[in-house]
Structure formats: C-alpha cells, structure tokens
Amino acid sequence: MEKIITRFPPSPTGYLHIGGARTALFNWLYARHMKGKFILRIEDTDTVRSTRESVDAIFEALEWLEIDWDEGPFFQSRRFDIYTEYIQKLLDSGFAYYCTCSPEKLEEMRKKAMEVGGKPKYDGTCREKGLGRTDNAVIRFKAPVSGTTVLEDVIKGNIVFQNEELDDFIIARSDGSPTYNFVVVVDDITMGINTVLRGDDHVMNTPKQILLYKALNSPLPTFGHLPMVLGSDRTRLSKRHGAMSVTAYRDMGYLPDAFINYLVRLGWSYGDQEFFSRDELVEKFSLENIGRSAGIFNPEKLLALNADHIKETPPDELIKYLSPFLKEKGYSFQEGPFIESVIRTLNARSKTLKDMADDAGFYFTDTVSYDEKAAKKLFKPSSFEPLRLLLDQLEALDEFKEADLENAFKAVMEKTGLKLGKIAQPVRLALTGKTASPGIFEIIEIIGKDRVLSRIKDAIGIIKDKEACS
RNA sequence: GGUCCCAUCGUCUAGUGGUUAGGACGUCGGCCUCUCACGCCGGUAACGCGGGUUCGACCCCCGCUGGGAUCACCA
C-alpha cells in the first residue's frame, strides 16, 4: 500500500490556536499510525499579514505539543518559481487566461448578484478574449460551466457540487503572485501529499482544488474534512471563549498529553475510552471513527483530563513539566527522591501543574506564612499542650518514618485524650500555613526533622505570645 | 440570500431495525477520612419536530426546524 503522506499548512498570521492544533494533531496521528510521513508547510504567500513571530509561535506550540515533522518546514514564499512554472502550464494548456476586469467592476457585479439573491460569480468577460500579459491583468482558472465535481470525503462521504456554482477564480494576482487555492494544490502535488485532513471550513474550496488537480493531470489525494470546534455559544471559537493560543494552555499548567487527549476525543472516539496516552493514540487512531458533527470546546473536561494525566504520569517524568512552574516561583531543588515524593503527595490533588506548584510552597520555603483566619482559629491556648507534647515526641525520634510518626501522634493522643484531627490541624497549620494539605505524616517526613521541629516551635511561640497579650 | 455540511443527556460521545439507550465531564447525595483532594457507591439528565417505509423505528427515506460553514487580487 502507498505510504501515507499528510501535512499541516498553517499560515503565520498569529499564534497556533485550538483549531489549528487539532488539525495538526489529526494529520500527525494519522501519519504516525500509518507509519507514513508528516510534512510541515508554512503558507506565507500573504506577505503583508505573515510574520516571523507567528512562525516562531507556531514552532513553539508544535514543540510543546510534541508534534514533530518529517519534512519541512517549507515556506511558500520561497517556492514562487514552482508556482510560476505551474501557472504557465495552465496557461499553455488553455486552462487559464488573463483577465483585465477591474476590481471595482467586479465588486459592483458581486453587489448586484447578492441583491438578486444569486451567487456572486465572475461573469467570464475575459474568458474567451485570449488576452496577453499586461500590467494589471490577473490570471483566472477556466472552470467548467456545467457538469458536477464530486468530493469523495473520507469523513463526510460524497459531496456533489454543481460546476455552474463555481466560477473562474483567480490563480495569480495582478502582481503575479499566486493565490491560495492554486498554491495549495501545486504544493500538495509536488510534495507528494496523498492525504489531506483539514477543517470543515475548507469544503467549499475543495471543488476548485479538485478541478485544478484535474487540469494539472494529477491524481487526487484523499480528502477528509474535520468537523469544527466551536465555542460554548456554538459559534466559531474566539478569544471570548477563553484562551485561544495553544501555548497559553502550557503556561496554565496543562500537560501536552492531556491537551492532545482532549483535542482528539473532541471529534473522535474509540468506544467508551476517554483516557489515552500518546502512544495509545497513535496506535488506535483511525479515520473511520472521526465524527461528522461540530463539537463545543469544553474547558472543564480538558481540566479533568489534565488532572487524570497528572495523576497517571510517573513522578520522575512529571518533573520535566513541573520544573518551570517551580522555578518561576523561585524554588530551587534537584531532581531526585525529594522532588519525586513531593509530587507523589500532590499529584492526586492538582488539576494543573500550576496548582501543584502553588500548593508545594511549604516544601521549599524556609519560613511559613500562615493563613490569617486559620491562625486565629487554631493557634489558641488549647493547642499549646498537644504541640508541646508532639515536639517532645518528635525530638526523640531519630528517623522520620511514617510508622514512627504515627506512634508519636498516638502518644500525644493518649496523653491529651484528643482525637487525631484535633492535633493534626494545628500541626498542619504550623507546617504548611494552611488548613488543607497532603497527609500529615507524609508531609512531616518530607519536610524533614529540622524544619518540622523549628516550625512547631514557631507555632508554640505564637501561641505563647497570644496568651501573654490576653 | 445562494451553495454545502450537521443534528443522542447541559457538554464530549457509544450504540442497534426489537437495548432498562451505555460511558465520560458537570451537577446532586452518600461512603472513606487527620484537612483538602483521590477513590468508591448512588441519583440527575438525551434520541429536535412532522410525515412515510416496516410487524416494529433513535436507527432507513422525505420534509420542516434549528445550528454551522462558505461566497476576496485572505489563507
């Protein structure tokens, strides 16, 4: 069977957004699943809107998503010779012609057509004039005026277009630069692309492109149009639906694997399975299970999936992703058992890596800042005795191991007659500054004897001061 | 407006000519418990409407309605 060759062709006019990421992902997954090739192509023929920053932003986003490409990036701006050559081919074979109709005249025509309720299409004024090249002439494709063009879409099925609906679209502007529908086809032909997976919004372009393939005597690729991703109000996804840029999700603490897991499941299914590792996705991805209807982007489900992936990622692997968030907070640490245990206490409690870094503060700081309300409630005279007794118990311990710690607490419970909860909460506040944290024994073990003892002493001091004041 | 596409819980979806229409997120209730989570158990909620075809349609066909896409010398 022929080797599958897919591509992702973003135009660098902004950051990589969710829809683009999903298109890239489906093409990448399909290529990887089929052991084919995935090509990156930058569609920058619009020299006015294309920027170097956008190109970099796209690379950055793909890198984060861990979507790699086998060929490219190819830049259309550097392929003009090829386009010129193909335009000439079309001119020579009579499939294209020069047109000198002015933009103003065309605009007027469009307006009129819209008023009558018809499709605003070029009327073919110059079609048979046999005009030669002049300064303001554009080049149009000579499209068939009757018959049908059918798109055999692997996702949507057959879609039939009446050729009379199509018009002689422009393939080269008056300055000689080629236009989108034309360059896409030339690129896909010359790059050997045989599978085109793209957004739904391209279906109306496809008959034009099919006609071009035929005029160029090239075999058609397999087309598949992915359903759109919409915002919560069922309209096209935009800023007001939340973050659009893919890298914004990286910065919010999402795992790339969680992000792609969500994106793929939005429009693709594998029975009832919701959670997929990257490898599993590559293994199980298929075109047949892609849905036909548009999906609404649901940030809450993405968040839940992120939590699942954080939970399932082994601590030693998670470090790589968590590190930037810890470093941003100024925490220094070395990879190893310490940070891994820290992760183990937090991974079931964190929905994002940012949450995790936020909650991990007490493991890294020298001093603890207390939640005001909690301090008022828990650092009171009745906490003095249990804290003092616990301090004695802990000081006597050589090693801070869970079993020993439990015994230490038990001893305090027996002496004071208090339940564990009554003792643990003041201790938790003393150690973390907060009323919620991982298990009391695990954090004591990780924080370590020196810091634990000093933090308990600090708390005792505060309680004493309060007593003195009152 | 023309053309094209789409239609199962609020959302993502599974599903078959005969099912108690399944799962996940959310939500509600409970259990677990040193706090918060995790986890576990349970509840909530869907086949858009109208015609056909058929012994029987959520499923097949038609229409309607609703939603989306697209109509550039942008991509």
Side-chain angles (χ1 to χ4, degrees), chain A residues 9-13 43-46 48-50 76 99 101-103 106-107 110 113-121 136-140 151 153 156-157 159-162 165-167 169-181 183-184 199-207 225 227-228 230 232 234-236 262 265-275 289 291-305 307-308 311 345-351 355 359 374 406 409 413 419-425 427-429 432 434-441:
Chain A
S11 63
T13 54
E43 310 219 321
D44 57 350
T45 53
D46 184 348
V48 181
R49 294 200 303 151
S50 299
Q76 291 185 325
C99 166
C101 297
S102 71
L106 294 169
E107 186 52 40
R110 260 194 294 275
M114 281 287 222
E115 275 165 23
V116 186
K119 182 186 170 75
K121 50 181 269 188
N136 289 321
V138 299
I139 300 173
R140 289 183 182 274
L151 157 59
D153 194 292
K156 296 176 144 354
I159 302 175
V160 179
F161 298 90
Q162 299 299 320
E165 292 293 331
L166 277 19
D167 71 349
F169 56 95
I170 293 172
I171 58 174
R173 305 183 181 94
S174 48
D175 65 358
S177 63
T179 60
Y180 172 73
N181 282 119
V183 293
V184 165
D200 228 350
D201 49 341
H202 282 287
V203 292
M204 301 308 253
N205 284 326
T206 312
H225 289 90
M228 302 263 86
L230 308 174
S232 49
R234 295 206 153 273
T235 64
R236 209 192 191 100
Y262 175 72
R265 269 297 277 109
L266 181 55
W268 174 84
S269 60
Y270 190 80
D272 277 344
Q273 191 172 343
E274 301 280 351
F275 185 97
N289 296 318
R292 283 157 305 280
S293 52
I296 292 174
F297 183 77
N298 183 346
E300 290 189 326
K301 185 137 185 181
L302 168 59
L303 187 64
L305 216 35
D308 286 346
K311 215 178 310 159
T345 65
L346 257 18
N347 63 179
R349 324 175 121 77
S350 313
K351 296 205 182 295
D355 285 352
D359 292 340
E406 227 176 308
F409 272 80
M413 284 162 73
K419 286 189 160 184
L420 179 55
K422 286 287 176 195
I423 303 168
Q425 279 309 80
V427 175
R428 171 170 284 115
L429 183 65
T432 69
K434 289 176 286 192
T435 55
S437 82
I440 196 76
F441 305 124

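All values below come from the heavy atoms of this structure, side chains included, with hydrogens, waters and symmetry mates left out.
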- Item | Interatomic distance at P, B:C49 relative to B:C58, whole Å | 9 Å
- Please work out if A:K311 contacts a base, only the sugar-phosphate, or nothing of the nucleic acid, heavy-atom cut-off 4.0 Å. sugar-phosphate
- Note on the structure: In Watson-Crick or G-U wobble terms, with both distances under 3.5 Å, the base opposite B:G56 is none
- Message: With a cut-off of less than 4.0 Å, is there a side-chain N or O of A:R292 near OP1 or OP2 of B:A69?
- Response: no
- Atom NZ of A:K121 and atom C1' of B:G1: how far apart are they, to the nearest Å? 16 Å
- Answer with base, sugar-phosphate or nothing: what part of the nucleic acid does A:P10 contact at a heavy-atom distance below 4.0 Å? nothing
- If you take all heavy atoms of A:S437 and A:R428, which pair is closest and at what distance? OG-NE, 2.8 Å
- Query: Using the P atom in both, what is the distance from B:U20 to B:C28, to the nearest Å?
  - Reply: 31 Å
- Query: What interatomic distance, in whole Å, is found between C1' of B:C59 and the corresponding atom of B:U8?
  - Reply: 11 Å
- Message: At 4.0 Å (heavy atoms only), tell me whether A:S174 reaches a base, stays on the sugar-phosphate, or touches nothing.
- Response: base
- Query: How far does the C1' atom of B:C38 sit from the matching atom of B:C31, given to the nearest Å?
  - Reply: 14 Å
- Message: Taking only side-chain N and O atoms of A:S437, does any of them lie within less than 4.0 angstrom of OP1 or OP2 on B:U35?
- Response: no
- Whole-angstrom distance between B:A45 and B:C6, as gauged at atom P: 31 Å
- Item | For B:G63, the Watson-Crick or wobble partner whose two distances fall under 3.5 Å | B:C49
- With sugar-phosphate meaning primed atoms plus P, OP1 and OP2, does A:R234 contact a base, only sugar-phosphate, or nothing at under 4.0 Å between heavy atoms? sugar-phosphate
- Which of these nucleotides, B:C73, B:C5, B:A37, is closest to any side-chain atom of A:V138? B:C73
- Item | Pairwise 5' ranking along RNA chain B for A:K301 and A:L420, keeping only the more 5' one | A:K301
- Separation of atom OH in A:Y180 from atom C1' in B:C71, rounded to whole Å: 15 Å
- Note on the structure: note: A:D200, atom CG; B:A69, atom P; distance rounded to Å ~ 10 Å
- Message: Please report the distance, rounded to the nearest Å, between CD1 in A:I296 and C1' in B:U11.
- Response: 7 Å
- Just call it for A:S293: base, sugar-phosphate, or nothing, with non-hydrogen atoms closer than 4.0 Å on any strand. sugar-phosphate
- Message: If the cut-off is 4.0 Å, is A:T235 near the phosphate of B:G67, judged by side-chain N/O to OP1 or OP2?
- Response: no
- The side chain of A:A304 lies closest to which of these nucleotides: B:C34, B:A69, B:C25? B:C25
- How long is the line joining CG of A:D359 and P of B:A37, in whole Å? 12 Å
- Task: Look at the side chain of A:S50 and the backbone N and O of A:T13, then say whether any donor-acceptor pair between them is shorter than 3.5 Å.
- Result: no
- Hey, does A:D175 reach any base, or is it just sugar-phosphate, or nothing, if we go heavy atoms under 4.0 Å? nothing
- Query: Hey, does the side chain of A:Y180 reach the backbone of A:D46 with a donor-acceptor pair shorter than 3.5 angstrom?
  - Reply: no
- According to the Watson-Crick and G-U wobble definitions, with both distances under 3.5 Å, which nucleotide is paired to B:A75? none
- Query: From the list B:C12, B:C34, B:G2, which nucleotide is the closest neighbour of the side chain of A:E274?
  - Reply: B:C12
- Query: For the side chain of A:E165, counting heavy atoms from C-beta on, which of B:A37, B:U3, B:G23 is nearest?
  - Reply: B:U3
- Decide whether A:H225 and A:D153 meet the rule of one side-chain donor and one side-chain acceptor closer than 3.5 Å. yes
- Message: Base, sugar-phosphate or nothing for A:T45? Non-hydrogen atoms, less than 4.0 Å.
- Response: sugar-phosphate
- Using atom P of each nucleotide, how far apart are B:C47 and B:C55 to the nearest Å? 27 Å
- Query: For the residue pair A:D355 and A:S350, what are the closest heavy atoms and their distance?
  - Reply: CB-CB, 4.2 Å
- Would you classify B:C28 as syn or anti? Syn applies when the glycosidic angle is within 90° of 0. anti
- On RNA chain B, more 5' by nearest nucleotide between A:G439 and A:W268 is A:W268
- Item | Nucleotide forming a Watson-Crick or wobble pair with B:C25, both distances under 3.5 Å | B:G10
- Task: Taking only the side-chain heavy atoms of A:D272 (C-beta and beyond), determine which of B:C25, B:G22, B:U11 contains the nearest atom.
- Result: B:G22
- Choosing from B:A75, B:A37, B:A69, which nucleotide comes nearest the side chain of A:Q76? B:A75
- Query: What is the distance from CG of A:D167 to P of B:G2, rounded to the nearest Å?
  - Reply: 18 Å
- Message: Less than 4.0 angstrom from a charged side-chain N to a carboxylate O is my criterion; do A:D44 and A:R49 meet it?
- Response: no
- When you compare B:G17 with B:U53, how far apart are their C1' atoms, in angstrom units rounded to a whole number? 11 Å
- Once you apply the 3.5 Å cut-off to both distances, tell me the Watson-Crick or G-U wobble partner of B:C40, or none. B:G30
- Of the nucleotides B:A75, B:U35, B:C12, which has the atom closest to the A:R265 side chain? B:C12
- Message: For B:U70, give the paired nucleotide (Watson-Crick: N1-N3 plus N6-O4 or O6-N4; G-U: N1-O2 and O6-N3; both under 3.5 Å), or none.
- Response: B:G2
- Message: Once you apply a heavy-atom cut-off of 4.0 Å, does A:R49 come out as touching a base, just sugar-phosphate, or nothing?
- Response: base
- Query: On a whole-Å scale, what distance lies between the C1' atoms belonging to B:C9 and B:C5?
  - Reply: 24 Å
- Any strand, both distances under 3.5 Å, Watson-Crick or G-U wobble: B:U20 pairs with none
- Task: Classify the nucleic acid contact of A:F441 as base, sugar-phosphate or nothing, counting any heavy atom under 4.0 Å across all strands shown.
- Result: base
- Query: What integer distance in Å separates A:F275:CZ from B:C25:C1'?
  - Reply: 15 Å
- Is a side-chain donor or acceptor of A:R140 paired with a backbone partner of A:D167 at a separation under 3.5 angstrom? no
- Item | Salt bridge A:K301-A:E274, side-chain N to carboxylate O under 4.0 Å | yes
- Side chain of A:M204 - closest among B:C4, B:A75, B:C38: B:C4
- Task: Test for a donor-acceptor pair under 3.5 Å between the base of B:C38 and the side chain of A:R349, counting only N and O atoms.
- Result: no
- Give A:L266 one of three labels, base, sugar-phosphate or nothing, depending on what nucleic acid heavy atoms sit under 4.0 Å from its own. sugar-phosphate
- Message: Whole angstroms only, please: what is the CE-P distance between A:M413 and B:C34?
- Response: 8 Å
